[in-house]
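These notes concern the structure reproduced below.
Just so you know, these numbers use all the heavy atoms, side chains as well, and skip hydrogens, waters and symmetry mates.
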Amino acid sequence: MPTRSLRSRGRLARSFYDRPTLEVARDLLGKVLVHGVGTRLASGLIVEVEAYIGEADPACHASPGPTRRNAPLYGEPGIAYVYLNYGIHCLMNVVTERAGTPAAVLIRALEPLEGLALMRRRRTRGVPDVALCRGPGNLAQALAITLRQNHADLCHSSLTVEDHGHGIGRIAWTPRIGIRVGTERPWRAYVVGSKAVSGHQQRAMSNER
DNA sequence: AGCAAGATTAGC
DNA sequence: CTAATCTTGCTA
């Protein structure tokens with residue numbers, strides 16, 4: 001079968017990312033994160049995200065002000081911010097808001113859609129399919145997202161987010177997890193009921209929106 | 001130059 | 001519950 005063009009697959013435009021971060025975070029749920037082309041393509045439905053907003057957010061990497069490391073956060077909306085965590089895991093963020101305003105959305109979990117065989121090969125042997133992209137480090141490994149993808153333009157590269165018209169159910173908002181500061185802000189959002197969501201779902205603070 | 005800390009994960 | 005593993009940013 002012929003390869004569909006990137007455009008026909010529903011790639012999100014830059015204007016999608018150039019909005020308030022919490023709106024982008026909410027609207028990313030139900031979209032599809034894609035990396036690679038042809039036989040190397042893997043993708044999954046986004047079901048869990050976290051927002052990191054501005055230098056005033058103590059958990060945001062921009063909190064110390066501009067540095068070499070967090071430069072992507074200050075860049076154009078729609079680029080990727082990928083960094084190495086604990087020396088082991090690559091975590092992928094989508095940069096939001098206008099250049100100069102540091103903010104991003106961390107992608108935390110996907111429901112695998114395409115490239116299942118690739119993902120199984122890249123992840124630890126024996127992982128159930130539903131857990132292939134559960135957790136930010138795991139999904140990066142499944143989609144082969146590494147530091148090489150840092151600063152990649154989601155609007156013009158093989159790493160991108162697409163709208164495939166998937167419908168989702170209720171969205172729940174909770175405090176972000178895995179951080180030691182900024183835990184009071186309810187900036188984690190996930191699709192209620194998705195088996196691919198990481199962490200504990202029962203800490204929801206509100207489930208409307 | 002040296003060091004502590006970190007948006008995690010897999011395996012005891 | 002803890003080791004693994006390494007880049008960054010801060011201090012000397």
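The nearest whole Å value for the distance from the CD atom in A/Glu50 to the C1' atom in B/dT8 is 12 Å. In this structure, A/Asp57 places its CG atom 10 Å from C1' of B/dA7, rounding to the nearest Å. Here the P atom of nucleotide B/dA4 and the CZ atom of A/Arg180 are 15 Å apart, to the nearest Å. In this structure, A/Asn138 places its CG atom 11 Å from P of B/dG11, rounding to the nearest Å. Look at CZ on A/Arg176: it is 14 Å from P on B/dG6, rounded to the nearest Å. Rounded to an integer number of Å, the gap from NE2 of A/His61 to C1' of B/dA7 is 6 Å.
If you check every strand for non-hydrogen atoms under 4.0 Å, A/Asn93 touches a base. Within the 4.0 angstrom heavy-atom criterion, no nucleotide atom of any strand lies near A/Arg125.
Side-chain polar atoms of A/His151 and A/Tyr81 form no donor-acceptor pair below 3.5 angstrom. With 3.5 Å as the limit, one finds a donor-acceptor pair spanning the side chains of A/Glu111 and A/Ser194.
For A/Arg14, the CZ atom sits in a packed shell: over 12 heavy atoms of surrounding residues, nucleotides or ligands are nearer than 6.0 Å. Heavy-atom neighbours of A/Arg40 CZ from other residues, nucleotides or ligands within 6.0 Å: at or below the threshold of 12.
Pairing for C/dA12 is absent, judged as Watson-Crick or G-U wobble with the two contacts each under 3.5 Å. With both pairing distances under 3.5 Å, C/dA4 is matched to B/dT8 as a Watson-Crick or G-U wobble pair.
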**Message:** I need a per-nucleotide contact map over nucleotides 4-10 of chain C, read 5' to 3'. Cutoff is protein heavy atoms under 4.0 Å; write B for the base, S for backbone only, - otherwise.
**Reply:** BBBSSS-

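Summary of the strand contacts: A/Val127 and A/Met92 both lie near DNA chain B, and taking for each the nucleotide with the nearest heavy atom, the more 5' one is attributed to A/Met92.
A/Arg108 places no side-chain N or O within donor-acceptor distance of the main-chain N or O of A/Arg188, the cut-off being under 3.5 Å. Counting only distance, with no hydrogens or angles, the side chain of A/Glu162 and the backbone of A/Val34 share no donor-acceptor pair below 3.5 Å.
A salt bridge links A/Arg120 with A/Asp129; the closest basic N to acidic carboxylate O contact falls under 4.0 Å.
Phosphate contact (OP1/OP2 of B/dT8, side-chain N/O of A/Arg108, threshold under 4.0 Å): present.
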